[in-house]
Trainee: 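Okay, handing you the structure first.
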Amino acid sequence: MLWQKPVFELLELLKRKEVKPSEVVQAFYERFSQTEEKVRAYITPTYEQALQQAKELEGKNPEDYPLYSIPIAIKDNINVEGYPTTCASKILEGCISPYDATVIERLKKAGAFVVGKTNMDEFAMGSSTEYSAFFPTKNPWDLERVPGGSSGGSAVAVAVLSAPLSLGSDTGGSIRQPASFCGVIGLKPTYGRVSRYGLVAFASSLDQIGPLGRRTKDVALLMEIISGYDPKDSTSAKVEVPKFSEELEREVKGLKIGIPKEFFEFEMEEGVKECFDNFVKFYEGLGFEIEEISLPHSKYAIPTYYIIAPCEASSNLARYDGVRYGYRARAKDINEMYAKTRDEGFGPEVKRRILLGTFALSTGYYEAYYLKAMKVRALIKRDFEEAFKKVDVIACPTSPSTAFKFGERTQDPIKMYLADIFTVSVNLAGLPAISVPIGRVSSLPVGGQLIGRPFDESTLLKLSYLWEEHYKHYQEIPL
Amino acid sequence: MEFEPVIGLEIHVQLDTQTKMFCTCPVEFGAEPNSLVCPVCLGLPGSLPVVNKRAVEYAIRAALALNCKVHTFSVFARKNYFYPDLPKGYQISQYEQPLATDGWMEVNGKKIRIRRLHLEEDAGKSIHEGNKTYIDLNRAGTPLIEIVTEPDIDSPELAREFLETLRNILRYAGVSKADMEKGQLRCDINLSLRPKGTDQLGTKVEIKNVNSFKFVQKAIESEIERQAKILSTGGKIVQETRTFDPSSGLTHPMRTKEEAEDYRYFPDPDLLPLVIKEERIEEVRATMPELPKQRYERFIRDYALSSYDAKVLTDLKELGDFFENALSFYPEDPKLTSNWLLNDFLGQIRDRGLSLEESPVNPEKLSKLIKLIKEGVLSSKLAKEVLAQMFETGEDPEVIVEKRGLKQITDENSLVAIVQEVLNAHPKEYERLKSGETKLMGFFVGQVMKATKGKANPQLVNKILSEVLSQ
């Protein structure tokens, strides 16, 4: 079955002309048709358009396109020209993007096809995809449970293989946590590695686009395309992009892996710790040194994150005012129009964060909240710098729990926020981190997180690759 | 009690760059609404700003021209507020760490301190028609500098003079056209009164967006009067923002301090801090165009112009440029060129209601006229006629002189004949002259000039007459 093949194999088959681009797209389209009704991963599927593009690509030389005819699902907060970009919000319903995000430009140039825009928590705010204004996405391993979030749709798409690869965005764990819940690989690149141009901003200093997939090499191939300096994004970094897909097969020796002791002081679901210990033992078995490290300020990561991210969000989301595009409420004057548009157009979690951020930036509170949070952020970053003097990689579970049930946490925002307790500090420090499937607790996937030095995605991919050879998580396919 | 005003100004100046502050859309005045826009200046979801390097250079240049300290590290911040023509719901500006601080400017011998100068982007325009409002975002994202003075201005006149001087400096520095009518220079006024001779500060009132030099002076005059009236009757000034209505000449309340917005400034996470190398600042300093004060001094030193003429030629940069341009074609007599430019030439411009740009007489043509005067080909009187003709037809002065035979008669032989004719025509007067009535010399010169329609060189006529008499 074509849809079960990893991208690197599909590329070989395509190069040898043993399969045609349209056959590849068709295979995933069929898989989509089989699974979508059950999981609802997509807000806007675009397989028909992809089939059309596949036919146009058929005469072209596969050698010229590093992702020749590879279907990719895109989180619905990344602009694709001519398609709607809703951010799973009523306020952007029906808005058609007039331009391509830089990552999309690069994917198109590489010969990849966008097969759909995937569901998410509204404006990427949430950890379960329940805050989509349209519908929730379901966890393919247990349809009663959430897929995680906010990139829930992108995680589910690659879990059920309606696409072999997808793009998500990660502001506090939004790629890694759903990857963990859905049993796939999710990589949050170093801040500045991937251009944010065309990614609808949630919290600009934390947001980063990244790949999700089932095979490390596939993820590496996608990383090679989307990474690199972009003059349109002032925060993108002028750092060379390695050939990730080739590097990961190189031998790794003598790595030191740090285990942050503070992370294990938090409450953790039974079974998660056992999976993680097993994961660490594997590397120990390979001769890597395991060392306990300390990240003393990481206990402040959640409150710090929930000041900084909402502050930036309150400003980033100010443009949705009903004046130029998107939803507009009828009202008798401009101020009422603003208020009603934003009240009716935004969902509860988005409003909660806008209010939080607006408050924290107000005169008289700015110093106590935003400035203080920025100082703590610097301390969290310094903790990591200190740790990376001793170790090469830091490992911990991706989330303290497996996928939870629908409605379980929507009434308790703090409990929802705690799903990201191991992931947010990585964004605050701007570091790369990968979540890989490391086991199961009663049929539900558990994810392990590896955090690297700035711009050292290579080591993370290498470790993921080694693990994948040992624990072939990709062989199990739900539904 | 007598009061004195304490005035500070906040000036927004559009930088004369080709493209906008954070995107590559062209900056143009008067284009089809919403035609000069892109995802960035429209604030579309996902778009990101990228700093325009030329705008930074111009801002540095302006800061140096105003004697500011330019900082190697400054930070772009977001100023958050809702307004229909503000596409992102915030303006990218600079707040806690501006590009430049601590400058000064001299106006009529008085030093006015500049507190800060920072970079920001302009908003779009709201166009109100009846009960409808239209938004034009062509202007959105135009680079601006905001200049804030210390409250060193103590009279309405000085405020106006400050702005005029500032406009000149900015024009000379080549950073802005600074045309108030086109909104390229906009001014907010902060004003309070205090008992004369004291140094305490009163409650200040802000007057927003006054759009001409004259109105700035008027708005301040009227606001001083209003505040003085309140204070002298024991009243209290309310801290508020007011607007100036040019038709009534009065200021009106807009919003009080309580209604003032909280802009929730914070560093823009989409932009890195603006880091400028010390060498770059020195580079901009070294390539600074000549500023008004320098030109004024040079005109006096190099061209021996009077201080008045030098000032007029400096105050209006275009006029000074015209002058120097004319000199480049004919450098013999700067003083003569300046005289003709400032008197007869400007007279013609004014009478005809032309702007300098519209003048059919360009610097080269003017220089040709000066040359004809200087070489004695044209008398002053004829030159005036020729100049008028030049404005009529746009022709070169030589062509006009040739066509109309206006050339001064400097050929002695032909003049001797004419003198002889005139003497013969007035035998009685000739006899009286010969018998020593020398005051009749003037009469005969006049007659010769009349006969030649003013073309005779009067000195030459005098000389010939004397020779004839002595024979």
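The sequence lines fix the lettering, A, B, ..., with proteins before strands; numbering per chain opens at 1.
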Trainee: Could you have a look at Pro267(B), Pro269(B), Pro45(B), Pro39(B) and say which one has the most heavy-atom pairs with chain A under 4.5 angstrom?
Mentor: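 Greatest number of close heavy-atom pairs with chain A: Pro45(B).
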Trainee: What part of Tyr265(B) gets closer than 4.5 Å to chain A, counting heavy atoms only: side chain, backbone, both or neither?
Mentor: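 Interface part for Tyr265(B): backbone (N, CA, C, O).
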Trainee: Shortest non-hydrogen contact from Pro84(B) to Arg324(A)?
Mentor: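 In this case the closest contact between Pro84(B) and Arg324(A) is O-NH1, 3.9 Å.
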Trainee: Cys38(B), Pro87(B), Ser47(B): which one forms the most heavy-atom pairs within less than 4.5 Å of chain A?
Mentor: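 So the answer, after comparing Cys38(B), Pro87(B), Ser47(B), is Pro87(B).
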Trainee: Among Asp268(B), Leu48(B), Asp270(B), which residue meets the side chain to side chain contact (heavy atoms under 4.5 Å, CB included) test with Ser204(A)?
Mentor: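 The single option meeting the side chain to side chain contact (heavy atoms under 4.5 Å, CB included) with Ser204(A) is Asp270(B).
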Trainee: Any donor and acceptor pair, going by atom type alone, linking the side chain of Asp262(B) with main-chain N or O of Thr363(A) inside 3.5 Å?
Mentor: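 Looks like yes, one N/O pair under 3.5 Å.
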Trainee: Can you say whether Tyr338(A) sits under 4.5 Å from chain B via the side chain, the backbone, both, or neither, judging by heavy atoms?
Mentor: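 For Tyr338(A), the contact with chain B is made by the side chain alone.
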Trainee: Any idea how Phe266(B) and Tyr370(A) line up, ring-wise: parallel (<30°), tilted (30 to 60°), or perpendicular (>60°)?
Mentor: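 Phe266(B) and Tyr370(A): perpendicular rings.
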Trainee: Where do Pro231(A) and Val50(B) come nearest, in terms of heavy atoms and distance?
Mentor: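 It is O-CG2, 3.3 Å.
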Trainee: Would you check if the side chain of Tyr99(A) reaches a backbone N or O of Leu44(B) as a donor-acceptor pair within less than 3.5 Å?
Mentor: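 Not confirmed, Tyr99(A) side chain does not pair with Leu44(B) backbone.
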Trainee: Determine whether Leu272(B) and Thr235(A) satisfy the following criterion, side-chain contact (heavy atoms from CB on, under 4.5 Å), listing intermediate values before the conclusion.
Mentor: CA-CA 7 Å; Leu272(B) 304 175; Thr235(A) 62; 4.3 Å; yes
Trainee: side-chain contact (heavy atoms from CB on, under 4.5 Å) for Asp321(A) and Tyr83(B)? Distances and angles first, verdict last.
Mentor: CA-CA 9 Å; Asp321(A) 58 5; Tyr83(B) 204 78; over 6 Å; no
Trainee: Of all the heavy-atom pairs spanning Glu312(A) and Arg78(B), show the shortest one and how long it is.
Mentor: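 Between these two residues, the closest heavy atoms are O-NH1, 4.1 Å.
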